[in-house]
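In what follows, a single structure is set out as C-alpha coordinates and then discussed.
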Number of protein chains: 2
Amino acid sequence: MSELSTLAAMKLSNGVEWALHSCVTLSQSREPVPAARLAELHGTPPAYLAKHLQALSRAGIVHSTAGQVGGYELTRPADQISALEVVRAIDGEEPAYRCTEIRQRGPLALPAERCQRPCAIARAMAAAEEAWADALRHVTIADLAARIDADSEGTAMAAVSRWLATAR
Amino acid sequence: MSELSTLAAMKLSNGVEWALHSCVTLSQSREPVPAARLAELHGTPPAYLAKHLQALSRAGIVHSTAGQVGGYELTRPADQISALEVVRAIDGEEPAYRCTEIRQRGPLALPAERCQRPCAIARAMAAAEEAWADALRHVTIADLAARIDADSEGTAMAAVSRWLATAR
DNA sequence: ATGATCTCGGACAGTTTCTATCCGAGTTCT
DNA sequence: AGAACTCGGATAGAAACTGTCCGAGATCAT
(Lines give C-alpha, C1' and ligand atoms only; values in the text may rest on other atoms or scores of the structure.)
Protein backbone atom coordinates (compact mmCIF):
# COMPACT_ATOMS: atom_id res chain seq x y z
CA MET A 1 0.00 0.00 0.00
CA SER A 2 2.39 2.67 -1.19
CA GLU A 3 1.11 6.23 -0.97
CA LEU A 4 1.88 6.88 -4.61
CA SER A 5 0.63 10.41 -5.26
CA THR A 6 0.63 11.92 -8.71
CA LEU A 7 2.38 15.27 -8.47
CA ALA A 8 1.45 16.48 -11.93
CA ALA A 9 -0.40 19.69 -11.05
CA MET A 10 -1.70 22.69 -12.94
CA LYS A 11 1.72 23.24 -14.42
CA LEU A 12 2.80 26.78 -15.18
CA SER A 13 5.35 27.08 -17.95
CA ASN A 14 8.90 27.14 -16.65
CA GLY A 15 9.68 30.23 -18.73
CA VAL A 16 7.39 32.32 -16.51
CA GLU A 17 10.03 32.33 -13.81
CA TRP A 18 12.75 33.35 -16.24
CA ALA A 19 10.59 36.09 -17.75
CA LEU A 20 9.78 37.61 -14.35
CA HIS A 21 13.43 37.58 -13.29
CA SER A 22 14.42 39.04 -16.66
CA CYS A 23 11.96 41.90 -16.30
CA VAL A 24 13.25 42.68 -12.81
CA THR A 25 16.78 42.68 -14.18
CA LEU A 26 15.85 44.88 -17.12
CA SER A 27 14.31 47.38 -14.69
CA GLN A 28 17.82 48.00 -13.37
CA SER A 29 19.32 49.04 -16.71
CA ARG A 30 18.51 51.93 -19.01
CA GLU A 31 20.59 50.42 -21.81
CA PRO A 32 19.42 47.43 -23.86
CA VAL A 33 20.56 44.06 -22.47
CA PRO A 34 21.21 41.18 -24.91
CA ALA A 35 19.41 37.88 -24.31
CA ALA A 36 22.74 36.07 -24.01
CA ARG A 37 23.71 38.36 -21.14
CA LEU A 38 20.43 37.75 -19.30
CA ALA A 39 20.91 34.02 -19.78
CA GLU A 40 24.41 34.20 -18.35
CA LEU A 41 23.22 36.12 -15.29
CA HIS A 42 20.33 33.73 -14.62
CA GLY A 43 22.11 30.52 -15.56
CA THR A 44 19.56 29.50 -18.18
CA PRO A 45 19.84 28.10 -21.74
CA PRO A 46 20.44 31.22 -23.90
CA ALA A 47 18.46 30.14 -26.95
CA TYR A 48 15.43 29.09 -24.95
CA LEU A 49 15.36 32.26 -22.88
CA ALA A 50 15.48 34.19 -26.15
CA LYS A 51 12.32 32.44 -27.26
CA HIS A 52 10.47 33.65 -24.18
CA LEU A 53 11.80 37.16 -24.56
CA GLN A 54 10.28 37.15 -28.02
CA ALA A 55 6.92 36.48 -26.40
CA LEU A 56 7.43 39.46 -24.11
CA SER A 57 8.27 41.53 -27.17
CA ARG A 58 5.11 40.47 -28.97
CA ALA A 59 3.09 41.39 -25.88
CA GLY A 60 4.58 44.90 -25.90
CA ILE A 61 6.28 44.52 -22.52
CA VAL A 62 9.84 44.80 -23.82
CA HIS A 63 11.31 46.41 -26.92
CA SER A 64 14.03 44.73 -28.88
CA THR A 65 16.88 46.44 -30.69
CA ALA A 66 19.07 44.64 -33.19
CA GLY A 67 22.73 45.29 -33.91
CA GLN A 68 25.92 45.54 -31.93
CA VAL A 69 24.55 47.66 -29.09
CA GLY A 70 21.15 46.01 -29.24
CA GLY A 71 19.22 43.95 -26.74
CA TYR A 72 16.01 44.13 -24.72
CA GLU A 73 14.62 46.96 -22.60
CA LEU A 74 11.32 47.61 -20.87
CA THR A 75 8.84 49.67 -22.87
CA ARG A 76 7.38 51.29 -19.73
CA PRO A 77 8.46 52.19 -16.20
CA ALA A 78 8.66 49.09 -14.00
CA ASP A 79 5.85 50.33 -11.76
CA GLN A 80 3.48 50.25 -14.74
CA ILE A 81 4.09 46.60 -15.64
CA SER A 82 2.12 44.05 -13.65
CA ALA A 83 3.26 40.51 -12.96
CA LEU A 84 0.00 39.34 -14.53
CA GLU A 85 0.97 40.88 -17.88
CA VAL A 86 4.25 38.99 -17.88
CA VAL A 87 2.66 35.68 -16.89
CA ARG A 88 -0.04 36.04 -19.53
CA ALA A 89 2.51 36.94 -22.20
CA ILE A 90 4.43 33.72 -21.58
CA ASP A 91 1.69 31.33 -20.63
CA GLY A 92 -1.10 32.56 -22.86
CA GLU A 93 -4.43 34.29 -22.38
CA GLU A 94 -6.60 31.22 -22.32
CA PRO A 95 -8.12 30.32 -18.93
CA ALA A 96 -6.82 27.19 -17.19
CA TYR A 97 -10.29 25.65 -16.91
CA ARG A 98 -12.04 25.10 -20.22
CA CYS A 99 -15.69 24.10 -20.08
CA THR A 100 -16.55 21.53 -22.74
CA GLU A 101 -20.30 21.88 -22.13
CA ILE A 102 -20.91 18.46 -20.62
CA ARG A 103 -24.46 19.54 -19.87
CA GLN A 104 -25.17 19.61 -23.60
CA ARG A 105 -24.14 15.98 -24.05
CA GLY A 106 -25.53 12.61 -23.01
CA PRO A 107 -29.12 11.45 -22.52
CA LEU A 108 -30.01 14.47 -20.35
CA ALA A 109 -28.50 17.02 -22.71
CA LEU A 110 -29.82 20.55 -22.33
CA PRO A 111 -30.82 22.45 -25.48
CA ALA A 112 -28.32 25.09 -26.55
CA GLU A 113 -30.83 27.89 -26.09
CA ARG A 114 -30.88 27.23 -22.33
CA CYS A 115 -27.07 27.34 -22.09
CA GLN A 116 -26.33 30.95 -22.84
CA ARG A 117 -24.94 31.53 -19.34
CA PRO A 118 -21.88 29.43 -18.40
CA CYS A 119 -22.69 26.47 -16.17
CA ALA A 120 -22.26 26.81 -12.40
CA ILE A 121 -19.07 24.76 -12.35
CA ALA A 122 -17.47 26.90 -15.04
CA ARG A 123 -18.53 30.03 -13.14
CA ALA A 124 -16.90 28.81 -9.93
CA MET A 125 -13.67 27.95 -11.70
CA ALA A 126 -13.65 31.29 -13.52
CA ALA A 127 -14.16 33.15 -10.23
CA ALA A 128 -11.16 31.36 -8.73
CA GLU A 129 -9.00 32.26 -11.70
CA GLU A 130 -10.13 35.86 -11.43
CA ALA A 131 -9.00 35.91 -7.78
CA TRP A 132 -5.64 34.54 -8.91
CA ALA A 133 -5.35 37.18 -11.62
CA ASP A 134 -6.31 39.97 -9.23
CA ALA A 135 -3.49 39.03 -6.88
CA LEU A 136 -0.98 39.26 -9.72
CA ARG A 137 -2.54 42.36 -11.27
CA HIS A 138 -1.67 44.45 -8.21
CA VAL A 139 1.99 43.39 -8.12
CA THR A 140 4.32 45.35 -10.38
CA ILE A 141 7.85 44.60 -11.56
CA ALA A 142 8.97 47.55 -9.44
CA ASP A 143 7.36 45.94 -6.38
CA LEU A 144 9.23 42.71 -7.01
CA ALA A 145 12.53 44.51 -7.46
CA ALA A 146 11.97 46.42 -4.22
CA ARG A 147 11.14 43.25 -2.29
CA ILE A 148 14.15 41.37 -3.65
CA ASP A 149 16.29 44.33 -2.67
CA ALA A 150 14.79 44.36 0.83
CA ASP A 151 15.46 40.64 1.24
CA SER A 152 19.15 41.24 0.53
CA GLU A 153 19.30 44.36 2.71
CA GLY A 154 19.64 46.68 -0.26
CA THR A 155 22.55 45.01 -2.02
CA ALA A 156 20.98 42.82 -4.72
CA MET A 157 19.75 45.40 -7.22
CA ALA A 158 22.90 47.47 -6.95
CA ALA A 159 24.94 44.35 -7.66
CA VAL A 160 22.84 43.67 -10.74
CA SER A 161 23.30 47.20 -12.04
CA ARG A 162 27.04 46.95 -11.47
CA TRP A 163 27.30 43.59 -13.22
CA LEU A 164 25.29 44.80 -16.22
CA ALA A 165 27.59 47.80 -16.63
CA THR A 166 30.82 45.81 -16.54
CA ALA A 167 32.50 43.40 -18.95
CA ARG A 168 30.44 44.45 -21.87
CA MET B 1 1.63 40.92 -39.87
CA SER B 2 -0.74 38.26 -38.56
CA GLU B 3 -1.65 38.59 -34.88
CA LEU B 4 -0.64 35.02 -34.17
CA SER B 5 -1.13 34.60 -30.44
CA THR B 6 -0.11 31.45 -28.62
CA LEU B 7 -3.14 30.28 -26.67
CA ALA B 8 -1.32 27.60 -24.71
CA ALA B 9 -2.11 28.76 -21.15
CA MET B 10 -1.79 27.34 -17.67
CA LYS B 11 -3.66 24.27 -18.73
CA LEU B 12 -5.82 22.47 -16.19
CA SER B 13 -6.33 18.80 -16.85
CA ASN B 14 -9.49 18.07 -18.79
CA GLY B 15 -10.49 15.40 -16.28
CA VAL B 16 -11.11 18.09 -13.65
CA GLU B 17 -14.35 19.02 -15.38
CA TRP B 18 -15.48 15.39 -15.55
CA ALA B 19 -14.59 14.80 -11.91
CA LEU B 20 -16.57 17.82 -10.70
CA HIS B 21 -19.61 16.85 -12.74
CA SER B 22 -19.28 13.26 -11.52
CA CYS B 23 -19.23 14.35 -7.88
CA VAL B 24 -22.32 16.50 -8.40
CA THR B 25 -24.04 13.55 -9.99
CA LEU B 26 -22.98 11.18 -7.22
CA SER B 27 -24.45 13.60 -4.67
CA GLN B 28 -27.87 12.81 -6.14
CA SER B 29 -27.68 9.06 -5.53
CA ARG B 30 -27.35 7.06 -2.34
CA GLU B 31 -26.59 3.89 -4.25
CA PRO B 32 -23.22 3.24 -5.89
CA VAL B 33 -23.02 4.38 -9.52
CA PRO B 34 -20.74 2.48 -11.94
CA ALA B 35 -18.15 4.44 -13.90
CA ALA B 36 -19.67 3.28 -17.17
CA ARG B 37 -23.00 4.80 -16.16
CA LEU B 38 -21.40 8.16 -15.27
CA ALA B 39 -19.60 8.11 -18.60
CA GLU B 40 -22.84 7.48 -20.45
CA LEU B 41 -24.57 10.35 -18.67
CA HIS B 42 -21.73 12.79 -19.31
CA GLY B 43 -20.86 11.62 -22.80
CA THR B 44 -17.21 10.89 -21.98
CA PRO B 45 -14.87 7.96 -22.80
CA PRO B 46 -15.73 5.33 -20.14
CA ALA B 47 -12.22 3.98 -19.60
CA TYR B 48 -10.67 7.39 -19.27
CA LEU B 49 -13.29 8.65 -16.85
CA ALA B 50 -12.63 5.52 -14.77
CA LYS B 51 -9.01 6.51 -14.54
CA HIS B 52 -9.93 9.86 -12.99
CA LEU B 53 -12.43 8.26 -10.63
CA GLN B 54 -9.57 6.12 -9.36
CA ALA B 55 -7.77 9.33 -8.45
CA LEU B 56 -10.82 10.50 -6.51
CA SER B 57 -10.85 7.15 -4.74
CA ARG B 58 -7.20 7.44 -3.75
CA ALA B 59 -7.89 10.92 -2.39
CA GLY B 60 -10.66 9.58 -0.18
CA ILE B 61 -13.40 11.62 -1.86
CA VAL B 62 -15.32 8.64 -3.25
CA HIS B 63 -15.54 5.02 -2.16
CA SER B 64 -15.51 2.22 -4.71
CA THR B 65 -17.42 -1.04 -4.41
CA ALA B 66 -16.71 -3.98 -6.70
CA GLY B 67 -19.19 -6.57 -7.87
CA GLN B 68 -22.52 -6.57 -9.63
CA VAL B 69 -24.15 -3.83 -7.56
CA GLY B 70 -20.89 -1.94 -7.17
CA GLY B 71 -19.83 1.49 -8.31
CA TYR B 72 -18.76 4.81 -6.80
CA GLU B 73 -20.35 6.83 -4.03
CA LEU B 74 -19.31 9.88 -2.05
CA THR B 75 -17.60 9.16 1.25
CA ARG B 76 -19.04 12.28 2.91
CA PRO B 77 -22.06 14.55 2.59
CA ALA B 78 -21.77 16.79 -0.44
CA ASP B 79 -21.64 19.93 1.70
CA GLN B 80 -18.42 18.65 3.28
CA ILE B 81 -16.52 18.17 0.01
CA SER B 82 -14.91 21.27 -1.44
CA ALA B 83 -14.27 21.86 -5.11
CA LEU B 84 -10.62 22.40 -4.19
CA GLU B 85 -10.32 18.84 -2.92
CA VAL B 86 -11.62 17.47 -6.20
CA VAL B 87 -9.37 19.65 -8.31
CA ARG B 88 -6.32 18.75 -6.24
CA ALA B 89 -7.16 15.05 -6.40
CA ILE B 90 -7.17 15.12 -10.20
CA ASP B 91 -4.56 17.71 -10.95
CA GLY B 92 -2.11 17.06 -8.13
CA GLU B 93 -0.96 18.88 -5.03
CA GLU B 94 2.07 20.55 -6.52
CA PRO B 95 1.80 24.33 -6.98
CA ALA B 96 1.61 25.64 -10.54
CA TYR B 97 4.63 27.90 -10.09
CA ARG B 98 7.81 26.09 -9.15
CA CYS B 99 10.77 28.22 -8.10
CA THR B 100 14.04 26.82 -9.44
CA GLU B 101 16.12 29.18 -7.30
CA ILE B 102 17.52 31.30 -10.06
CA ARG B 103 19.05 33.57 -7.43
CA GLN B 104 21.42 30.75 -6.45
CA ARG B 105 22.80 30.44 -9.97
CA GLY B 106 24.97 32.56 -12.23
CA PRO B 107 27.77 34.99 -11.43
CA LEU B 108 25.72 36.78 -8.75
CA ALA B 109 24.57 33.60 -7.03
CA LEU B 110 23.47 34.05 -3.43
CA PRO B 111 24.81 31.58 -0.84
CA ALA B 112 22.26 28.98 0.25
CA GLU B 113 22.30 30.19 3.84
CA ARG B 114 20.76 33.50 2.75
CA CYS B 115 17.97 31.74 0.82
CA GLN B 116 15.97 30.15 3.58
CA ARG B 117 12.94 32.31 2.84
CA PRO B 118 11.43 31.90 -0.68
CA CYS B 119 12.37 34.68 -3.07
CA ALA B 120 9.98 37.60 -3.57
CA ILE B 121 8.81 36.37 -6.95
CA ALA B 122 7.97 32.93 -5.58
CA ARG B 123 6.13 34.56 -2.67
CA ALA B 124 3.99 36.65 -5.04
CA MET B 125 3.11 33.65 -7.16
CA ALA B 126 2.32 31.57 -4.08
CA ALA B 127 0.03 34.30 -2.74
CA ALA B 128 -1.88 34.34 -6.03
CA GLU B 129 -2.30 30.58 -5.95
CA GLU B 130 -3.49 30.79 -2.37
CA ALA B 131 -6.18 33.28 -3.46
CA TRP B 132 -7.21 30.82 -6.18
CA ALA B 133 -7.35 27.96 -3.70
CA ASP B 134 -9.35 30.01 -1.20
CA ALA B 135 -12.02 30.70 -3.79
CA LEU B 136 -12.39 26.99 -4.47
CA ARG B 137 -12.11 25.96 -0.82
CA HIS B 138 -15.34 27.74 0.05
CA VAL B 139 -17.37 26.12 -2.74
CA THR B 140 -18.79 22.70 -1.94
CA ILE B 141 -20.22 20.03 -4.20
CA ALA B 142 -23.59 20.74 -2.58
CA ASP B 143 -23.26 24.41 -3.59
CA LEU B 144 -22.55 23.44 -7.19
CA ALA B 145 -25.51 21.08 -7.28
CA ALA B 146 -27.79 23.78 -5.87
CA ARG B 147 -26.59 26.35 -8.41
CA ILE B 148 -27.01 23.97 -11.33
CA ASP B 149 -30.48 23.22 -10.06
CA ALA B 150 -31.29 26.92 -9.79
CA ASP B 151 -30.08 27.54 -13.34
CA SER B 152 -32.55 24.95 -14.60
CA GLU B 153 -35.38 26.19 -12.38
CA GLY B 154 -35.22 23.14 -10.16
CA THR B 155 -35.48 20.43 -12.78
CA ALA B 156 -31.89 19.32 -13.42
CA MET B 157 -31.06 17.42 -10.23
CA ALA B 158 -34.42 15.68 -10.14
CA ALA B 159 -33.87 14.55 -13.71
CA VAL B 160 -30.49 13.14 -12.76
CA SER B 161 -31.93 11.23 -9.81
CA ARG B 162 -34.65 9.84 -12.00
CA TRP B 163 -32.22 8.78 -14.72
CA LEU B 164 -29.90 7.09 -12.22
CA ALA B 165 -32.79 5.09 -10.81
CA THR B 166 -34.04 3.81 -14.17
CA ALA B 167 -32.72 1.31 -16.70
CA ARG B 168 -30.30 -0.28 -14.32
C1' DA C 1 -20.36 -24.37 -2.79
C1' DT C 2 -19.69 -23.21 -7.56
C1' DG C 3 -19.93 -20.67 -11.79
C1' DA C 4 -20.94 -16.62 -14.31
C1' DT C 5 -21.34 -11.77 -14.56
C1' DC C 6 -20.20 -7.39 -13.35
C1' DT C 7 -17.16 -4.12 -11.04
C1' DC C 8 -12.71 -1.66 -10.15
C1' DG C 9 -7.52 -1.30 -10.65
C1' DG C 10 -3.16 -0.76 -12.75
C1' DA C 11 -0.31 -1.44 -16.94
C1' DC C 12 0.01 -0.23 -22.06
C1' DA C 13 0.11 2.93 -26.74
C1' DG C 14 -1.12 7.57 -29.37
C1' DT C 15 -1.19 12.49 -29.49
C1' DT C 16 -0.43 17.11 -28.03
C1' DT C 17 2.35 20.34 -25.45
C1' DC C 18 6.47 21.96 -23.55
C1' DT C 19 11.67 22.14 -23.74
C1' DA C 20 15.70 23.05 -26.18
C1' DT C 21 18.43 24.28 -30.29
C1' DC C 22 20.07 26.05 -34.69
C1' DC C 23 20.62 29.14 -38.60
C1' DG C 24 18.95 33.20 -41.43
C1' DA C 25 17.42 38.55 -41.56
C1' DG C 26 18.44 42.98 -40.02
C1' DT C 27 21.28 46.63 -37.72
C1' DT C 28 25.30 49.11 -35.98
C1' DC C 29 30.18 50.27 -35.83
C1' DT C 30 34.75 50.33 -38.38
C1' DA D 1 31.25 48.99 -48.03
C1' DG D 2 32.55 45.24 -44.86
C1' DA D 3 32.35 42.78 -40.56
C1' DA D 4 30.51 41.62 -36.18
C1' DC D 5 26.73 41.32 -33.33
C1' DT D 6 21.77 41.15 -32.39
C1' DC D 7 16.90 39.38 -32.78
C1' DG D 8 13.38 36.27 -35.10
C1' DG D 9 11.09 32.24 -36.68
C1' DA D 10 11.52 27.47 -38.22
C1' DT D 11 13.28 22.85 -36.68
C1' DA D 12 14.15 18.25 -33.43
C1' DG D 13 13.69 15.93 -28.78
C1' DA D 14 11.39 15.06 -24.24
C1' DA D 15 7.64 15.08 -21.18
C1' DA D 16 2.88 15.13 -20.13
C1' DC D 17 -1.78 14.42 -21.16
C1' DT D 18 -5.33 11.62 -23.59
C1' DG D 19 -7.27 7.35 -24.52
C1' DT D 20 -7.54 2.18 -24.25
C1' DC D 21 -7.01 -2.53 -22.86
C1' DC D 22 -7.05 -6.71 -19.96
C1' DG D 23 -6.49 -8.90 -15.27
C1' DA D 24 -7.99 -9.13 -9.97
C1' DG D 25 -11.76 -9.14 -6.91
C1' DA D 26 -16.59 -9.31 -5.38
C1' DT D 27 -21.57 -10.21 -5.79
C1' DC D 28 -25.60 -12.78 -7.27
C1' DA D 29 -27.87 -16.91 -9.30
C1' DT D 30 -27.74 -21.77 -9.63
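This is a predicted model, so every value here is computed, not measured. Below, all heavy atoms of this structure are taken into account, side chains as well, without hydrogens, waters or symmetry copies. Numbered from 1 within each chain, the chains take letters A, B, ... in sequence-line order.
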Rounded to the nearest angstrom, tell me the gap between atom [atom1] in [X] and atom [atom2] in [N].
| X | N | atom1 | atom2 | result |
| --- | --- | --- | --- | --- |
| B:E73 | C:dT7 | CD | C1' | 13 Å |
| A:L49 | C:dT19 | CG | C1' | 13 Å |
| A:L53 | D:dG9 | CG | P | 13 Å |
| B:H52 | D:dT18 | NE2 | C1' | 8 Å |
| A:E31 | D:dT6 | CD | C1' | 15 Å |
| B:R37 | C:dC8 | CZ | C1' | 17 Å |
| A:L12 | C:dC18 | CG | C1' | 12 Å |

Which of these nucleotides, [options], is closest to any side-chain atom of [X]?
| X | options | value |
| --- | --- | --- |
| B:P34 | C:dC8, D:dC21, C:dG10 | C:dC8 |
| B:A66 | C:dG9, C:dT7, D:dT27 | C:dT7 |
| B:K51 | C:dA11, C:dT28, C:dT19 | C:dA11 |
| B:Y48 | C:dT5, C:dT21, D:dT20 | D:dT20 |
| B:R58 | D:dG8, C:dA20, C:dG10 | C:dG10 |
| B:Y72 | C:dC8, D:dT18, D:dG8 | C:dC8 |
| B:Q68 | C:dG10, C:dT5, C:dA20 | C:dT5 |

Within the pair [X] and [N], is there a side-chain N or O less than 4.0 Å away from OP1 or OP2?
| X | N | answer |
| --- | --- | --- |
| B:Q54 | C:dC8 | no |
| B:S64 | C:dG9 | yes |
| A:T65 | C:dT28 | no |
| B:S57 | C:dG9 | yes |

Assess, by modelled atom type and distance only, whether the side chains of B:T140 and B:Q80 contain a donor and an acceptor separated by less than 3.5 Å.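 Looking only at side-chain atoms, B:Q80 and B:T140 do not form any donor-acceptor pair under 3.5 Å.
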
Taking atom types as modelled, is there a side-chain donor on A:H42 or A:T25 under 3.5 Å from an acceptor on the other?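 The answer is yes; a qualifying pair exists.
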
Using every non-hydrogen atom in the two residues, find where [X] and [Y] come nearest and quote the distance to one decimal.
| X | Y | answer |
| --- | --- | --- |
| B:E73 | B:T65 | OE2-OG1, 3.9 Å |
| B:I90 | B:S13 | CG2-OG, 4.3 Å |
| B:Q28 | B:S161 | O-OG, 3.3 Å |

Original post:
With sugar-phosphate meaning primed atoms plus P, OP1 and OP2, does B:A35 contact a base, only sugar-phosphate, or nothing at under 4.0 Å between heavy atoms?
Top reply: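 Here B:A35 touches the backbone only, sparing every base.
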
